[in-house]
Amino acid sequence: MNVNNKVALTESELDIHGQNDVNDTLYMLLDNLVNYSWIFNQTPVYMRMACSRYEYVKSYEQDDRILPNVWIVVRVDGKKFHKFSNAHKFEKPNDENALNVMNAAGVAVMQEFRDIVLAYGQSDEYSFVFRKDTAAFKRRASKLLTYVTSLFSTSYVMNWPKWMDRPLAYAPCFDGRTVLYPSDENMRDYLSWRQADVHVNNLYNTAFWKLVLESGLTNQQAEERLRGTLSGDKNELLFQQFGINYNNLPAMYRKGTILLRKRVVQSEDDQDKGRQAIVPIHDDLIGAQFWKKHTELLGKYVPGKYVTSSNVPRLLEEQLSEELDEQLRDKANIS
């Protein structure tokens, strides 16, 4: 069919239908032009110009672009996770597999956003630190917040069966917030605050659940026993009554999980660039040593080197295996 004839026909229809039907006829014309726009190798007309009298409503959208040159932190928090953990019978005081579901969701978010330089997770929360100069989503706060929160939530559900031996009774829910930090010191203090929170909460929870599960106290009695105690008192209680040296508990419970993008190599002398992956580590964020060791975080961001050991974390092993499988599939397709 001749395009010009089709357009001419539509224009005649415009005369016939009259002024009251001008909008409907205009949309018919636009549909016709869209159908044949490929002939002219051009973008459909309606994508290049405003054609609707309703388009003024876009002016009500708020400009929420984030200030330049600031650290952007998006933190997601589980909603009513106390109820969620009880419904799914999480091990007390810490469930390693449940924590790793959170970690796996954090890895998924970092794989999607290459401008996230560091993520930190503990309990039912995860914080994602974007580079100061990120241009992701044109630095729109609402876009960053909703994308990270929704991706984390869906990734949590997708990774659940990989780590947990029971089905989801119902879907978890996470809220999120975006916070800006103008200086390196501010950002470091934020992460220090979150890690200090891990220590306080985990020490209390460890002592509390030992009193409940092994000493037979009720929840109320355990609360009364620990009321007014300091960190030293709780450490002493764990050691004297239960033979537990708190410092010997798994670092993930005491310090949380840090996710870093690294180039994974076999040895320090390995000249190969290595394979990039998201590496989970459980280290002290508060002291200066961490930041000296991972200088790429505050300097020009280039993923640092990570030397694998004989004990590769499962989170890392799965990433490397997936990458290897993908390479094998690519080779098979080529051949």
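Scored by the side-chain hydrogen bond (donor to acceptor under 3.5 Å, both in side chains) test, R263 finds no partners at all (sequence neighbours excluded). Not counting sequence neighbours, the partners of N186 by the side-chain hydrogen bond (donor to acceptor under 3.5 Å, both in side chains) test are S183. Take L145 and apply the side-chain contact (heavy atoms from CB on, under 4.5 Å) test, not counting sequence neighbours, and it matches V74, T149, T178. Residues that satisfy the side-chain hydrogen bond (donor to acceptor under 3.5 Å, both in side chains) test with E317, not counting sequence neighbours, are absent from this structure. Qualifying side-chain contact (heavy atoms from CB on, under 4.5 Å) partners for V200, counting only residues two or more places apart in sequence or in other chains: none. By the side-chain hydrogen bond (donor to acceptor under 3.5 Å, both in side chains) test, N103 pairs with N100, Y126, T257, sequence neighbours left out. Judged as a side-chain contact (heavy atoms from CB on, under 4.5 Å), and not counting sequence neighbours, the contacts of W193 are R75, Y190.
Residues V179 and W71 fail the side-chain proximity criterion, which asks for heavy atoms closer than 4.5 Å. Contact of the Y204 side chain with the N201 side chain is not registered, since no non-hydrogen atoms from C-beta on lie closer than 4.5 Å. Annotation: side chain of I72 is in contact with side chain of L180 (closest heavy-atom distance under 4.5 Å). Between Q195 and D284 there is a side-chain heavy-atom pair separated by less than 4.5 Å. Side chains of F130 and V148 form a contact here, defined as non-hydrogen atoms less than 4.5 Å apart. With a 4.5 Å cut-off on side-chain heavy atoms, D184 and K132 count as touching. A heavy-atom distance below 4.5 Å is not found between the side chains of Y301 and D133.
Distance check: D63 CG to K138 NZ gives 11.0 Å after rounding to the nearest 0.5 Å. Summarising the geometry, atom CG belonging to L260 is positioned 12.0 Å from atom CD1 belonging to I116; distances are rounded to the nearest 0.5 Å. Expressed to the nearest 0.5 Å, how far CG of N94 lies from OG1 of T206 amounts to 6.0 Å.
Between F137 and Y147, the angle of the ring planes lies from 30° to 60°, which puts this pair in the tilted group.
Checked against a 6.0 Å centroid threshold, the rings of F113 and F128 do not count as neighbours.
Tested against K262 for a side-chain contact (heavy atoms from CB on, under 4.5 Å), the candidates Q276, K305, E296 yield a single pass: E296.
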Identify all side-chain donor-acceptor contacts of residues 238-250 below 3.5 Å with residues at least two apart in sequence or on another chain.
unit_1	atom_1	unit_2	atom_2	d
Q240	NE2	E236	OE2	2.9
Q241	NE2	S215	OG	3.1
N245	OD1	N247	N	3.0
Y246	OH	N202	ND2	2.9

Under 3.5 Å, which donor-acceptor pairs do the side chains of residues 223-233 form with other protein atoms, sequence neighbours left out?
unit_1	atom_1	unit_2	atom_2	d
T229	OG1	L226	O	2.6
T229	OG1	K234	NZ	3.1
D233	OD2	L230	N	2.8

Show me, pair by pair, the donor-acceptor contacts under 3.5 angstrom made by side chains of residues 158-165, not counting sequence neighbours?
unit_1	atom_1	unit_2	atom_2	d
N159	ND2	S155	O	2.8
W160	NE1	R166	O	2.6

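At distances below 3.5 Å, not a single donor-acceptor pair connects side-chain atoms of H88 with backbone N or O atoms of L168. A donor-acceptor contact shorter than 3.5 Å is absent between the side chain of E112 and the backbone of A108.
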### Task
Mind running side-chain contact (heavy atoms from CB on, under 4.5 Å) on L191 and F290 for me, showing each step along the way?
CA-CA 12 Å; L191 293 171; F290 172 84; over 6 Å; no
query = Does the side-chain contact (heavy atoms from CB on, under 4.5 Å) test come out yes or no for V198 and R254, once each step is laid out?
reply = CA-CA 6 Å; V198 177; R254 295 181 291 110; 5.8 Å; no
Which is it for L99 and Y253 under the side-chain contact (heavy atoms from CB on, under 4.5 Å) test, yes or no, and what are the steps along the way?
-> CA-CA 9 Å; L99 289 172; Y253 303 160; 3.8 Å; yes
- [ ] Given side-chain contact (heavy atoms from CB on, under 4.5 Å), test L297 with R188 step by step and report yes or no.
- [x] CA-CA 11 Å; L297 297 175; R188 286 182 55 179; over 6 Å; no
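For residues 87-97, no residue pair satisfies the salt bridge (charged side-chain N to carboxylate O under 4.0 Å, His left out) rule, not counting sequence neighbours. Residue pairs satisfying the salt bridge (charged side-chain N to carboxylate O under 4.0 Å, His left out) criterion with at least one member in residues 191-218, sequence neighbours excluded, are listed as follows: E125-R194, R194-D197, K210-E214.
For D115 and R261, the salt-bridge test fails: no basic side-chain N is under 4.0 Å from an acidic carboxylate O.
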